[in-house]
Amino acid sequence: MKKNRQQFFPGQRQDEKIYKVIRKHWFVYVPFYFFAISMVAVWLVAIFYLSYFGVNLTQLTGMIIIISTSVYTLIMLFILLYGFVNYYLDTYIITDERIVDIVQEGLFKRVVSELHMRQIQDVSAKVDSIFGTMLHFGNVEIQTAGERANFRFTSISYPYRISKLIIDLHEKAIDTSSRMYASKSSSNCDHKPIPTKSTDNSSGDKIATVPEMIKNDVIKMFSGKEEKFEEGILKEGKEADL
Amino acid sequence: MEIKQLLLLGYTAFLVIYLVVSIFPIYNLWQFGYKGDLSRVAIIVYILVSLSVISLSFVFIILNQF
């Protein structure tokens with residue numbers, strides 16, 4: 001199966017706008033990198049010492065040293081790549097609709113969780129270390145509505161900017177959804193008459209009786225417009241005024 | 001079997017295991033990396049460095065024989 005490298009996460013919609021793809025700050029990977037490099041360096045120094053100071057090596061010991069050096073270096077290289085996979089494939093994606101948290105745990109476990117912008121309740125950014133202050137990285141915590149676990153972006157660059165972006169997108173999402181809801185409601189009233197039971201009145205106009213429960217719901221939804229209803233009777237054509 | 005041959009056999013077995021195990025991180029980077037990011041660079045660097053270390057080790061082993 002051909003992989004679509006333009007797709008950032010499973011379930012991404014065609015029209016979904018990606019605002020930011022965030023990875024952890026490079027500083028998170030540095031200690032790991034230094035550890036691997038220093039382990040290889042110690043080994044190479046030992047080999048150099050043995051050969052430079054004229055320690056008599058037999059053919060067999062020479063071969064053992066060559067093979068063990070190669071094995072040691074390859075294992076370190078693999079550890080470096082393993083660390084890189086865990087560091088680099090941990091991704092946070094911010095779109096106009098949601099936040100996606102992709103966590104790579106080891107080589108075989110990958111967890112993708114998402115949070116819709118409308119479910120966000122609070123966003124806070126925190127920088128709490130000397131390196132974080134100097135190199136501008138920290139954590140962003142997103143509190144969610146309901147029983148969902150909070151989202152936490154750890155060790156990301158410029159956490160204050162990211163929290164501001166999330167708050168802006170959250171407000172935009174709320175605004176958009178409320179406008180959509182309002183237009184949907186009004187269009188429902190324009191084109192979808194409430195289920196009625198038709199009867200004819202004496203003047204010849206077709207009038208409809210509205211079941212009491214539906215009428216009450218509509219009145220609640222559009223409070224302040226009760227005057228549009230007559231007592232238990234709604235004239236056809238008046239729904240558009242709602 | 002001589003000790004040297006045993007060593008070489010063990011080294012070859014290690015290399016086979018190394019190549020098999022290396023497929024997993026490379027696959028992860030290939031599959032989940034995005035267009036234009038560092039995932040492909042990391043794969044290429046890893047393969048090049050690994051091949052260099054392995055080939056250098058064989059060169060030194062051969063030179064060590066003489």
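With hydrogens and angles ignored, the 3.5 Å screen pairs no side-chain donor or acceptor of A:Asp122 with any backbone N or O of A:Gln143.
With A:Tyr88 as the aromatic partner, A:Arg23 meets the cation-pi criteria of under 6.0 angstrom to the ring centre and within 45 degrees of the ring axis.
Among A:Leu74, A:Leu107, A:Leu89, A:Leu81, the residue with the largest count of heavy-atom pairs under 4.5 Å with chain B is A:Leu74. The candidate from B:Val53, B:Leu38, B:Leu7 with the greatest count of non-hydrogen atom pairs under 4.5 Å with chain A is B:Leu38.
Across every non-hydrogen atom of A:Asp90 and A:Gln104, the tightest pair is OD1-N, 2.6 Å. Listed here is the closest heavy atom pair of A:Ile99 and A:Phe151: O-CE2, 3.9 Å.
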message: Show, in sequence, the C-alpha distance, side-chain angles and deciding distance for A:Asp168 and A:Lys172, and conclude whether the salt bridge (Lys or Arg N to Asp or Glu O under 4.0 Å) test is met.
response: CA-CA 6 Å; A:Asp168 288 348; A:Lys172 197 176 161 191; over 6 Å; no
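Heavy atoms of B:Phe14 lying under 4.5 Å from chain A belong exclusively to its side chain. In this structure, no portion of B:Val45 lies under 4.5 Å from any heavy atom of chain A. Both the backbone and the side chain of B:Phe60 come within contact range of chain A, with heavy atoms under 4.5 Å apart. Interface remark: A:Ser68 contributes no atoms to any contact with chain B (heavy atom separation under 4.5 Å). With a 4.5 Å cut-off on non-hydrogen atoms, A:Leu80 does not touch chain B at all.
Here the options are A:Tyr87, A:Phe35, A:Tyr82, the test is ring pair (Phe, Tyr, Trp, His ring centres under 6.0 Å), and the partner is A:Tyr29; only A:Tyr87 passes.
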